[in-house]
Amino acid sequence: MKIKSNLKPVVLIIVLALCLHAAAPLGFGAEPRTCEQALDRCLVVASYLGPIYYAFCLEGYLFCKRYIIY
Amino acid sequence: MPTNTIACFFLGIWAALAPPAWPAAAATPTSPSAVKLGLEEVWSLGSLEDNKLIMWVGLAADDDGRLFVSDALDFSIKVFDSKGRVLLRAGRPGTGPGEFQAVRELAVSRDHVFVLDQQQPKVLVFDKQLRFLHAIPQPEPISCLRTLPDGTLAAALVPTGKGKRPSIWLADNRGRTLQEIEFGADAAHPAGDRASFVLSGRDVVLAYSFKNKVERLDRSGRVIWSKRLLNFPDARFKSVMGTKIPTEFVYKDIAVDRAGRLFVLGGGPAEHPSRDVYVLSPAGEMIGTIVLPDTTHLLHLDSRDFLYSRANDGLTIKKYRILFPAEPGPTPLKEPRP
């Protein structure tokens with residue numbers, strides 16, 4: 001499995017997907033490239049799904065900020 | 001036009017005009033006497049050429065020298081020997097027993113491996129052969145997971161309700177509460193008073209995630225000392241769609257060696273973000289700094305004081321020996337002249 005060359009967008013998409021659990025649609029258009037972009041998109045989707053998903057978004061954002069260096 | 005599109009438009013403008021998260025000046029440790037400590041690489045585990053690790057997150061070494069690692073993109077936990085060879089692997093995507101959705105931190109004791117999954121509000125307990133045993137419900141979300149030498153589980157709890165302070169929760173391997181040590185004050189916001197911690201002797205030492213504060217508490221929660229290591233303010237928070245979020249981590253992790261020295265990983269405000277490690281005496285005095293070659297989210301010191309950290313965006317674990325300056329020895333006695 002060779003995903004290393006372009007890892008960051010992939011990781012962000014996965015973080016976002018994990019944030020939104022199984023309901024996460026992966027086709028948001030352009031890939032998010034920062035934790036803030038991922039959070040923005042996560043919150044937009046969460047606004048349709050319900051308040052509980054805001055917590056998933058926040059946890060995903062904090063993980064992103066701690067783990068991924070931008 | 002949908003409301004969310006309008007909100008995103010204004011958020012985009014706000015984000016573009018917002019001030020930078022941190023002042024532009026470089027951070028300096030508060031103690032001028034801090035010396036730069038050296039590192040010697042012992043080995044490197046995981047690379048582009050192999051599939052040992054995809055994106056590791058949690059790491060802990062046991063007293064036998066084995067390394068336990070959680071790999072988020074491989075939905076697994078793995079065990080490596082002291083030379084970095086794979087011994088065991090367990091896990092797959094899912095919500096069933098022993099399955100992971102977003103595996104995160106782990107901690108090991110003599111008999112157990114404790115694992116967190118961001119999507120499961122439980123501590124997953126495995127034996128050392130990575131067989132799933134049971135799950136412990138989390139009383140509150142956990143931001144940091146450790147074990148004590150006697151096998152006690154220790155976790156930093158982030159309160160979700162108002163009127164409750166964050167705490168270090170000590171429990172047995174069945175989740176029965178042994179003690180709770182409260183710290184901090186900001187219970188109003190879920191990200192307000194998160195901290196990484198280590199247990200050092202009878203004390204707890206906290207490195208706050210969003211405050212410029214490293215703090216030593218005794219087991220009753222009494223503050224023994226509290227330090228600011230960098231000339232920076234606490235993290236800034238901004239509001240995104242009504243949710244307050246911190247813009248950076250001030251400190252990302254903390255580890256302790258056998259001598260009780262503390263190793264604090266600097267976050268966004270550090271001169272080298274996620275690479276600067278501030279080494280403190282047990283009393284909290286700055287005694288040195290280390291600049292890691294690669295950015296990391298985690299520090300771990302094993303029972304022989306080898307340091308583990310991340311490289312290559314999570315593909316690689318690096319093991320280092322820390323080189324302290326030679327202690328000045330006693331002056332040799334001069335031979336008496338004949």
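So that the names make sense, note that chain A is the first sequence line, chain B the second, and so on, each numbered from 1.
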**Q** Could you give me the CA-CA distance, side-chain angles and deciding distance for I245(B) and K65(A), then say whether side-chain contact (heavy atoms from CB on, under 4.5 Å) is met?
**A** CA-CA 11 Å; I245(B) 57 164; K65(A) 290 302 282 190; over 6 Å; no
**Q** Just how far is it from atom CZ of F63(A) to atom CZ of R104(B), taken to the nearest 0.5 Å?
**A** 4.0 Å
**Q** Please give me the minimum heavy-atom distance between R66(A) and E105(B), naming the atom from each residue.
**A** NH1-OE2, 3.1 Å
**Q** Considering non-hydrogen atoms only, spot the tightest contact between T247(B) and E36(A) and give its length.
**A** O-OE2, 4.4 Å
**Q** For the residue pair R310(B) and Y67(A), would you count it as a cation-pi contact if the rule is NZ or CZ under 6.0 angstrom from the ring centre and within 45 degrees of the ring axis?
**A** yes
